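Everything below concerns the one structure shown next.
So you know, we letter chains A, B, ... as the sequences are listed, proteins then strands, and number each from 1. Small disclaimer: the values here were computed from a predicted structure and weren't measured. Any value given below was found using the heavy atoms of this structure, including those in side chains, with hydrogens, waters and symmetry copies removed.
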Protein chains: 2
Amino acid sequence: MRIGVPKERLERERRVAIVPDVVRRLRAAEHEVVVEAGAGERANVADDAFVAAGAEVGDPWACEVVAKVAPPLDDEVARLRSDTILVGFLNPLGNPAGLEAIAATGATALAMEKIPRISRAQSMDALSSQATVSGYRAVLIASTELPRFFPMFMTAAGTVPPAQVLVLGAGVAGLQAIATARRLGAVVTGFDIRSAVKEQIQSLGAKFFEVEGLGDAEAAGGYARELTPEEQQLQRDALSVQMGKSDVIVTTALVPGRPAPKLIPASAVEGMKAGSVIVDLAAEAGGNCELTRPGETFVTDGGVKIIGPLNLPSEMAEHASSLYARNILSLVELGFDPSDEVVSGATVTRDGKVV
Amino acid sequence: MRIGVPKERLERERRVAIVPDVVRRLRAAEHEVVVEAGAGERANVADDAFVAAGAEVGDPWACEVVAKVAPPLDDEVARLRSDTILVGFLNPLGNPAGLEAIAATGATALAMEKIPRISRAQSMDALSSQATVSGYRAVLIASTELPRFFPMFMTAAGTVPPAQVLVLGAGVAGLQAIATARRLGAVVTGFDIRSAVKEQIQSLGAKFFEVEGLGDAEAAGGYARELTPEEQQLQRDALSVQMGKSDVIVTTALVPGRPAPKLIPASAVEGMKAGSVIVDLAAEAGGNCELTRPGETFVTDGGVKIIGPLNLPSEMAEHASSLYARNILSLVELGFDPSDEVVSGATVTRDGKVV
């Protein structure tokens, strides 16, 4: 197959869907790769590096498969043909009009968000690979913004205690945040409404925060289901106490297609020490903290810094692209057989219709 | 004694010389502490916290001892009396006119930079305590700026290699940078012209980079002596190769009272991969990299980001102040007996003269 790689056009999208290492592997499997000039520039991949790996620089939209990161813009949709296979983060739950526009071209579109969470598809799970980047970076940002050390320091002049880090939501991003905060020497507490992750949290050297009276809340597909209002209140009260002791909170709780649950009320932020930091990875879905301003960093009157980043993987574009490109590679290797469970699960438009 | 704590006035100085914990210990030893209103504000210490610890809010300049972080400004020098004991980072080698002005008031001034590097004075070694902060933060900044992971990642889609970090200069800041980069999972190489630190570097899990033909270069007082031009060239050539393989370089080589040695020539930066990061902790003394712009961050045409921070401890003001305050506490506990080796070593003005 010929696989086209457009240059991403959104200001805050630095990633590229394919990297030279993956070009080599596609070429070894007899595929061709056509890269738009400058496609890898913001991910530190020069056109020369693509060419050296066996890609050509040209028009990616003439290819059978077009591999993107972000959803296509209007002029990109106009380039789709009825026999194009488009793959990318297409935001199927948040952008129905965009999907309609893609469907109208007759193109087949696969949304990376909809890759089924089954073992066989793990290597294509781009939500997970990018969440790894987000969780890692969230902690780096927190550690850089915190006016305190993460690790304990025992110096000639005395001891500095380690930072207390609370991670809300122990999916891929949350577990990676826990692992990174532990690497840096913090004392970490992890919380998730799915008690099944307790052992995972503990295996990373963190404490599991348990809320009494809350049942299990794992829904189909490995995601958390939405809590009832009563459960939410119970959770908030118990967590507020823990939040008040925390130097850093990283929050990662997302419910697909719904606004993010408000786990951190304004009152809990008031209870935190001046200088403490909240990194809200759910900012894109409105935030897990009531005060989060998506895309902004600000300091409350009480001196708490709240950071609501919108696209952390893009900020670490080189390795985020590298992981994403391997997810795309696995999908291409699988082929695009519509009867395959993974392909059909990820397909969002086909034969002129949103499916 | 009465110990006064002025509010620091420089824009980029967020630290405060005494923190509430240290106030408690000074009070327990029958000292009094007078804090200027708002002195701890930018280090996340409210006046209330000082008062709760037993300090009063008032005029710090009327006290016997005045504890500062940065050198006094002109109007602060005017507040010194002939019986004042001033302690702080007074920049004795870089600011002779400032010392003359202090001397003219008749005040006794102790520069924290001149605390002798002997075992007994370790708990007062503020250069070391603040260098710990700098080394730690330098790596956090590098990890945040790098478009790649520090740790190796083994994911369902494949493996990402760990970052290669090179640390130049293995004093306190360099060793802390090595330790922090190791914590984050990078492969670290440490370099110092003093071969005595080889074991320290290795004990942190890093490789020691050896330049053949270079003798030992440790001078009196635990600092490095300046290299001869021939030695410098030999060093540059050997290091250039290593630099080209590095994702991150943290450089910390300082020679007291002299411009920082240029360890990273422009040609070596050209040899680095796009996206790589240099954090130059010697920026204040002109930088270890030829291209460093003190106080600025910029990206070269080759895509290498060069960061020349000027006061990293101030950016982590709460714990930096905490460590500094304990250094001051140890000095106060020692007393200000001019015949003591530590006190006489640190004294830079006395009886109207620069000494």
Side-chain angles (χ1 to χ4, degrees), chain A residues 14 21-22 41-46 49 119 121-126 128-129 132-133 136-137 140-141 143-151 153 155-158 160-161 163 176 179-180 182-185 273-276 303 315-330, chain B residues 14 21-22 41-46 49 119 121-126 128-129 132-133 136-137 140-141 143-151 153 155-158 160-161 163 176 179-180 182-185 273-276 303 315-330:
Chain A
R14 305 178 68 85
D21 267 356
V22 166
E41 208 168 48
R42 298 174 74 202
N44 305 115
V45 182
S119 300
Q122 248 190 307
S123 63
M124 304 160 215
D125 187 349
S128 289
S129 74
T132 299
V133 179
Y136 170 72
R137 281 195 74 80
L140 294 183
I141 290 168
S143 66
T144 307
E145 296 291 349
L146 189 72
R148 304 165 201 140
F149 283 115
F150 263 46
F153 270 93
T155 74
V160 171
Q176 191 55 48
T180 306
R182 286 289 305 140
R183 275 180 182 278
L184 278 172
K273 291 175 294 240
S276 300
E315 290 180 16
M316 213 179 87
E318 188 172 332
H319 272 176
S321 300
S322 181
L323 293 176
Y324 184 75
R326 292 178 204 190
N327 300 137
I328 298 281
L329 171 67
S330 291
Chain B
R14 306 178 68 86
D21 267 357
V22 166
E41 209 167 49
R42 297 174 75 202
N44 304 115
V45 182
S119 300
Q122 249 190 306
S123 62
M124 304 159 215
D125 187 349
S128 288
S129 74
T132 299
V133 179
Y136 170 72
R137 279 195 76 79
L140 294 183
I141 290 169
S143 66
T144 307
E145 296 291 348
L146 190 72
R148 304 165 203 140
F149 283 115
F150 263 47
F153 271 93
T155 75
V160 171
Q176 190 55 48
T180 306
R182 286 289 305 138
R183 275 179 184 279
L184 278 172
K273 289 175 294 235
S276 300
E315 290 181 17
M316 213 179 88
E318 188 172 333
H319 272 177
S321 299
S322 181
L323 293 177
Y324 184 74
R326 294 178 204 191
N327 300 137
I328 298 280
L329 172 67
S330 291

note = Sorted by chain and number, sequence neighbours left out, salt bridge (charged side-chain N to carboxylate O under 4.0 Å, His left out) with B/Arg137 holds for B/Glu315
Most chain A-contacting option - heavy-atom pairs closer than 4.5 Å, from B/Gly303, B/Ser129, B/Pro151 = B/Pro151
key: With B/Thr155, the side-chain contact (heavy atoms from CB on, under 4.5 Å) member among A/Leu323, A/Asn327, A/Asp125   = A/Leu323
key: Under 4.5 Å from a heavy atom of chain A, the part of B/Gln176 involved   = side chain
task = Go through the atoms of B/Thr144 and report whether side chain, backbone, both or neither lie under 4.5 Å from a heavy atom of chain A.
result = both
query = Tell me, do A/His319 and B/Pro147 make a side-chain contact under 4.5 Å, heavy atoms counted?
reply = no
ask   = Once you round to the nearest 0.5 Å, how far does CG of A/Leu146 lie from CE of B/Met316?
value = 7.5 Å
inquiry  = Working to the nearest 0.5 angstrom, can you tell me the gap between A/Phe149 CZ and B/Ser322 OG?
reply    = 9.5 Å
inquiry  = So which residue, B/Leu329, B/Val160, B/Leu184, ends up with the most heavy-atom pairs under 4.5 Å with chain A?
reply    = B/Leu184
inquiry  = Show me the pairs that pass salt bridge (Lys or Arg N to Asp or Glu O under 4.0 Å) and involve residues 318-329 of chain A, at least two apart or across chains.
reply    = A/Glu318-B/Arg148
query = Where does B/Val133 contact chain A at under 4.5 Å (heavy atoms): side chain, backbone, both or neither?
reply = both
task = For A/Phe150 and B/Leu140, run side-chain contact (heavy atoms from CB on, under 4.5 Å): C-alpha distance rounded to whole Å, both residues' side-chain angles, the deciding distance at 0.1 Å, then the answer.
result = CA-CA 11 Å; A/Phe150 263 46; B/Leu140 294 183; over 6 Å; no
ask   = To the nearest 0.5 Å, what is the distance between OG (B/Ser143) and CD1 (A/Ile141)?
value = 10.0 Å
